[in-house]
Amino acid sequence: MSELDLLYTEIEEDLRSSVRDLLADRCELDAVTRIYDGDRSLVDGLWKSLVDIGLAGLLVPEDRGGQGASAREAAVVLEELGRTAAPVPFLTSSVIATTALLDSDTALLEQLATGERVAALAVPWSAAPDAQLPAVRLEGDRLTGTVTSVAGAIEADVLLVATGSGLYAVDVSAVTVKPLVCLDMTRQLADVTLDGATGALVLVDAEPAVRRALDAGAALMASEQLGLSRWCLETTVAYLQVRKQFGRVLGGFQALKHRLADLYTGVESGAAAARHAAATSAEGDPDATVAASIAQAYLSDLAVRAAEEAVQLHGGIGMTWEHPAHLYLKRAKSDQIALGTPGRHRVRLGALVDLRP
Amino acid sequence: MSELDLLYTEIEEDLRSSVRDLLADRCELDAVTRIYDGDRSLVDGLWKSLVDIGLAGLLVPEDRGGQGASAREAAVVLEELGRTAAPVPFLTSSVIATTALLDSDTALLEQLATGERVAALAVPWSAAPDAQLPAVRLEGDRLTGTVTSVAGAIEADVLLVATGSGLYAVDVSAVTVKPLVCLDMTRQLADVTLDGATGALVLVDAEPAVRRALDAGAALMASEQLGLSRWCLETTVAYLQVRKQFGRVLGGFQALKHRLADLYTGVESGAAAARHAAATSAEGDPDATVAASIAQAYLSDLAVRAAEEAVQLHGGIGMTWEHPAHLYLKRAKSDQIALGTPGRHRVRLGALVDLRP
Amino acid sequence: MSTAPLQRKVEEFLAVHDPSTTDRLEFLRARYDEGLAWVHYPVGRGGLGLAQELQSEVERLFVEAGAPDNKPGHNVIGLGMAAPTILEFGTEEQKNRFLRPLWTGEEIWCQLFSEPGAGSDLANVSTRARRDGDEWVVSGQKVWTSGAQNARFAILLARTDPDEPKHLGLTYFLCDMTDPGVEVRPLRQITGEAEFNEVFLTDVRIPGSQRLGEVGQGWKVANATLNNERISIGKGADREGGMIGVVAQTWRRRPELHTPELHDRLLRLWVEAEVSRLTGARLRQKLAHGQPGPEGSAMKLSFARIAQELSGLELELLGEQGLHYSDWTLVRPDHVDFTGRDAGYRYLRAKGNSIEGGTSEILRNIVAERVLGLPGEHRVDKDLPWKEIAK
Amino acid sequence: MSTAPLQRKVEEFLAVHDPSTTDRLEFLRARYDEGLAWVHYPVGRGGLGLAQELQSEVERLFVEAGAPDNKPGHNVIGLGMAAPTILEFGTEEQKNRFLRPLWTGEEIWCQLFSEPGAGSDLANVSTRARRDGDEWVVSGQKVWTSGAQNARFAILLARTDPDEPKHLGLTYFLCDMTDPGVEVRPLRQITGEAEFNEVFLTDVRIPGSQRLGEVGQGWKVANATLNNERISIGKGADREGGMIGVVAQTWRRRPELHTPELHDRLLRLWVEAEVSRLTGARLRQKLAHGQPGPEGSAMKLSFARIAQELSGLELELLGEQGLHYSDWTLVRPDHVDFTGRDAGYRYLRAKGNSIEGGTSEILRNIVAERVLGLPGEHRVDKDLPWKEIAK
């Protein structure tokens, strides 16, 4: 295999800067925390400002009204969103739902690109790319069934529902969306019930599109996990550089230094795995599926470890509601389960690289 | 369950002292190392001196010529043997083979008790208590088959061979014993080939006796592993208390302090598990099988970790042939595989405590 | 006294004080006065000067008789920390005044030790106590105070002399939580609950009679208190007590969630939990009549790690259900159960196990230095006057 | 110069020096003189002053042409450490004298840095070099010297001034290993092999012309050498290169040994090995034209841990066969292959991966301090005269 660029291009770094600036302005961590108490006032404005700089259509071809960028750029956006545990439907609508529609000629794709509409793929958020898909029945032109724990449904106005006879776009007004109390309220899930809902057929062959979408989600969520891990590492290092106990900064205690060195090693490794997943996804490389599972197997655990270390090394303050570390812990633990646990991805890899049970 | 004594009785501590004194005199680590170059001159004299203080018959009832002691005392002896990686057939003959014969009226048991003879159970050293037993065929009164990697066979003059029709005592002169080059030369294994050998039937029902013997071996090898782990911890702590680099003793560097604290925590936990296994075995407690597998699952990995930490924290000197750390690393890694790997014991535990796959 | 005479004593007490007809508080006060509250305490202080192991037999007999208890779960700090410290360092007057209502639960206690700038480095407390005649005037901010909202009294560590080195300028007080200068604010945790509080002290006036131990002896007294916290090895549980039991039950109830990977991880942790239980039993045997030593720190290290790994595993096992949570509403629980509520709560709450009551990092230092005899950390702050230490 | 003109240059060279008819040494010397030895070296020093990445293309062309190589595996220290240091710090005479025979392999080099008392704390070397006229007289004991028995020269770090602080009293020399004062003894390792040596130096006389760098500048020169060792990120391997490939092949060949537990552990390590490979590729991209930085230390940490875990796993997988070993005979291998020989050897040899070339503990310090900017360790020995430091 020829070597893919695992760094960031200048364009990607520029994109990162604009997203980071925007989030610094628009996504204060205190406001993110308030979502846990039901105050979601942050969400709409933040999403609108992301739409305004064209992020909703990043993966949509230019001739369909999007930016025609690749998974590499989407990954950079996700790194930044991961750094702030941002409560926006970028991953669910602009990556997963969008990828599911790339082979469809539906006008919905254009609407997603412009941010006019927001979509969510109706699968449980825990579903791995090779998981069994939820059973929604098509009777005549009516869809019936329940899909539990759907991510992005709350923010969506249209849901993509897979059936044996095709992928349907269903307006949320035609279904029941029941928000759930979730471990990670910054990506709140909902149960979706279809009780004879009508929808528009957008693709005849649903399953390959859904699997491709979930694989893209798995490949790119790794970058969200990378951004999250980096925030945890950097914030913890910065805190230990100033926090004093016993008249010394804590960062001078060798046991903590070594743990942070190990965490840094993990984060740098995670960066390579996440960039590799993004680059293979962008290239349509035959290794993309393997790369996505490697990235999930590695970064899901890394992000949890980074967040757990952040909480622990902040000491008591890290256990408080006031300090933002908990936002990252909840997001990391939730991401670990999302789109397949690391164990699930390892089993899949075993089959893909001929290391069978 | 009523609480078992997990400490050492005064009698046990006295026994420990005599064994420790004897080993300090008779089992120099340099001489142990020379076994790797084929110089086994240490072995016979050392074993004789253990026999002289009655250790060979520790588990044999007094009315059969032994000490009538229990698994608790045998465990203390094994702790001390583990501390010196002692190359003697105590575990193989005085624990495993002896346990196999406890229900037999053979005079061989008396001979093992007095040290007049030494026996070994003919199973691969890697066999877990619930493993499939090797197939030795009985044709008429002749035994035929090969048992590979038998521990204690080199030191033995009689082998206990299980067949479908009973357990046989076979004189080593009737078989071929081919010594193997082993990772742990302080318990060198051998392939045993029976080519129409005759033997004496010592028990009609071989399998339960063999399984009980292997379970006793597993329960008590944990104490050998405990002794080994303690040696590694203590030797490393002592070294780091004097070895200076950067003008400071290495033991003052916090990262090393924390690793040693974690190792100490492991060793203390291992002590509880090993004592529990010995105590349940001594009492014939219904929990003995579970306790043996817990002890193996825990102490096999602990001993490897302790030996690996000893090598690493000694730095370069720990990698040399001259320093004894390697004796413990090889013994620990070999013990990990012996009598079933930790993974194998965990699977067995899962069935025993109703945590099924 | 062995079990039999003690048993007779309890029976005689119960014959006189019928639990079914005696007022609860009256019953408890009488039990204290009879020396059957904590039998290892001295005569006249609710005890009989017996071995501590005998207490569990006494408790068993009272439970069997259907007697009311003193709700020990509601006064953990009082019973576990304040009482033994008052017993050791208190004046006769202090013991007379505080021990009985503490044991009966009439007066709940809390602890005012930690501060935002004094966590692991507890000797760094900056809450100031200034002498004013026969009183002390105390101002500062305390944190991680559980039960402060229900407490009548607090054990308090404050700085009485900033010119002394940090460990020498501290004094220990018994603080009345109803003083108008005491303000209690709930401190919300990552679980959503406010199990702890921040306590702001503004010119709180403490009478000289409520100083515990000598002026400047606060660090020594506080360490006696903390040893009782850190080294508490618990009563010993049966196999599968605590977090492992919860997760093992989830495993047994939900075979459809099993994977080979999770099976091996669960069994590893099952073994570790069981070994940890045996280690606790062994340590209790070792300490049967002796003082708890730093070995207890090793137990707490294992406890925290195993609880955290198990609760993390449970969420992965639950998969989709692991993404859910029960309730984020801010509540102030009276009583904390690490394994109570849902799996998400267990996961988040367990993170505190390696922080509260001595972080795992501090405990490793203790084991390395006090058990293994390795050198202490380089200290720049030991002999400097406290006010000159870089904060 | 891009690839095409360089390719032409190699072709022209090969046209003049037919590998099938030219004497091996003559061929290699000519290749050096033509600047095709190491193209990133300067013109006149075996190179063309080009980018280092172009070297692999040159090597490929020579291999394709069936040309003899300089057996780089036999002169690892010479090529990887001595040469770049001589290039950076050597006089013109030194470069003239040493670089060509080093590159051609006519002269093998070894390294005399570590001592029994100077391992991680390399600046603590006590081997003494005293000036005697135009010469230096060197005595002391060195250790961990690979290839000393075959080496013609050594790079040597010795103390020239014990009155200076430890880092300032060192000087760097090029030592002739054929000097009668040099005694080489094999140092046996836990594998049974003697891959390294101890080297005893007794009044070895080194001409002043073989001092590299200034007197007292030895620490700086040695660090240049060590950076070349520690930060060597390797050439980049294909997927399943190294230890993972060996163990994965064992897994594929031996399905009867599989267990669910080992399957998950293998896949975890497969993922880690692959991620580590990608991390190396990423780091090489980062450093394409820059200097290797301390980030390479993180790579080495991962490499050692993964190799150790994999080789440990392999023995458990092999079970009964994992109890065996190939051969304990003391041999002195010319060439070390971590994954060569049997699984037992791999397990034992991998233990050295976290010690040699900087222990994992030292590497973690480097990452923490130089990458993350955390404070250095408390040092009592930095400014004291070396002779006054507690040893």
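We name chains A, B, ... by the order of the sequence lines, and we start the count at 1 in each one.
Taking CG of Leu157(D) as the reference point, atom OG1 of Thr225(D) lies at 9.0 Å (rounded to 0.5 Å). The line from CG of Leu250(B) to CG of Leu313(B) is 9.0 Å long, rounded to the nearest 0.5 Å. With rounding to the nearest 0.5 Å, the separation of CZ in Arg370(D) from CG in Leu374(D) is 13.5 Å. Put simply, CG on Leu91(B) and CG on Leu81(B) are 9.0 Å apart, with the number rounded to the nearest 0.5 Å. Taking CD1 of Ile155(D) as the start and CG of Leu112(D) as the end, the distance is 8.0 Å to the nearest 0.5 Å. To the nearest 0.5 Å, atoms CD1 (Ile337(B)) and CG (Leu183(B)) are separated by 7.0 Å.
Using a 4.5 Å cut-off on side-chain heavy atoms (C-beta onward), Leu214(B) and Leu121(B) make contact. In this structure the side chain of Phe196(D) never reaches within 4.5 angstrom of the side chain of Val143(D), judged on heavy atoms. Contact check for Leu349(B) versus Val290(B): side-chain heavy atoms found under the 4.5 Å cut-off.
Residue Leu327(B): no heavy atom, backbone or side chain, is found under 4.5 Å from chain D. Contact of Ile389(D) with chain B is made through the side chain alone, with heavy-atom distances under 4.5 Å. Looking at Leu318(D), there are no atoms closer than 4.5 Å to chain B (heavy atoms on both sides), in backbone or side chain. Proximity to chain B (any heavy atom under 4.5 Å) is restricted, for Pro116(D), to the backbone atoms N, CA, C and O. Neither the backbone nor the side chain of Val249(B) comes within less than 4.5 Å of any heavy atom of chain D. For Ala118(D), the part lying under 4.5 angstrom from a heavy atom of chain B is the backbone only.
Looking only at heavy-atom pairs under 4.5 Å with chain D, the residue among Pro124(B), Ala255(B), Gly316(B) that has the most is Gly316(B). Ranked by heavy-atom pairs shorter than 4.5 Å toward chain D, the options Val347(B), Leu180(B), Leu329(B) are led by Leu329(B). Most heavy-atom pairs under 4.5 Å with chain B: of the set Leu187(D), Leu262(D), Leu384(D), Ile355(D), this distinction falls to Ile355(D).
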Between chain D and chain B, going by a 3.5 Å limit, which atoms form donor-acceptor pairs, if any?
from: Pro116(D); atom 1: O; to: Arg243(B); atom 2: NH1; distance (Å): 2.8
from: Pro116(D); atom 1: O; to: Arg243(B); atom 2: NH2; distance (Å): 3.2
from: Gly117(D); atom 1: O; to: Gln245(B); atom 2: NE2; distance (Å): 3.1
from: Gly119(D); atom 1: N; to: Gln245(B); atom 2: OE1; distance (Å): 3.2
from: Ser120(D); atom 1: N; to: Gln245(B); atom 2: OE1; distance (Å): 3.0
from: Asp121(D); atom 1: N; to: Gln245(B); atom 2: OE1; distance (Å): 2.7
from: Asp121(D); atom 1: OD2; to: Phe246(B); atom 2: N; distance (Å): 2.5
from: Arg188(D); atom 1: O; to: Trp321(B); atom 2: N; distance (Å): 2.9
from: Arg188(D); atom 1: NH1; to: Asp37(B); atom 2: OD1; distance (Å): 3.4
from: Arg188(D); atom 1: NH1; to: Asp37(B); atom 2: OD2; distance (Å): 2.8
from: Arg188(D); atom 1: NH2; to: Asp37(B); atom 2: OD1; distance (Å): 2.9
from: Ile190(D); atom 1: N; to: Met319(B); atom 2: O; distance (Å): 2.9
from: Ile190(D); atom 1: O; to: Lys330(B); atom 2: NZ; distance (Å): 2.8
from: Glu261(D); atom 1: OE2; to: Arg346(B); atom 2: NH2; distance (Å): 2.9
from: Gly312(D); atom 1: O; to: Lys333(B); atom 2: NZ; distance (Å): 3.0
from: Glu320(D); atom 1: OE1; to: Thr148(B); atom 2: OG1; distance (Å): 3.3
from: Glu320(D); atom 1: OE2; to: Thr148(B); atom 2: OG1; distance (Å): 2.4
from: Glu320(D); atom 1: OE2; to: Ser149(B); atom 2: OG; distance (Å): 2.6
from: Leu323(D); atom 1: O; to: Leu183(B); atom 2: N; distance (Å): 2.9
from: His324(D); atom 1: NE2; to: Ser149(B); atom 2: OG; distance (Å): 2.9
from: Tyr325(D); atom 1: N; to: Val181(B); atom 2: O; distance (Å): 3.0
from: Trp328(D); atom 1: NE1; to: Cys182(B); atom 2: O; distance (Å): 2.9
from: Tyr347(D); atom 1: OH; to: Glu308(B); atom 2: OE2; distance (Å): 2.7
from: Lys351(D); atom 1: NZ; to: Glu308(B); atom 2: OE2; distance (Å): 3.3
from: Ser354(D); atom 1: O; to: Gln312(B); atom 2: NE2; distance (Å): 3.0
from: Ser354(D); atom 1: OG; to: Gln312(B); atom 2: OE1; distance (Å): 2.5
from: Glu361(D); atom 1: OE1; to: Gln312(B); atom 2: NE2; distance (Å): 2.9
from: Glu361(D); atom 1: OE2; to: Arg259(B); atom 2: NH1; distance (Å): 2.6
from: Glu361(D); atom 1: OE2; to: Arg259(B); atom 2: NH2; distance (Å): 3.3
from: Glu361(D); atom 1: OE2; to: Gln312(B); atom 2: NE2; distance (Å): 3.4
from: His378(D); atom 1: O; to: Arg248(B); atom 2: NH1; distance (Å): 3.0

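Side-chain contact, Asp337(D) with Thr339(D): a donor N or O sits under 3.5 Å from an acceptor N or O.
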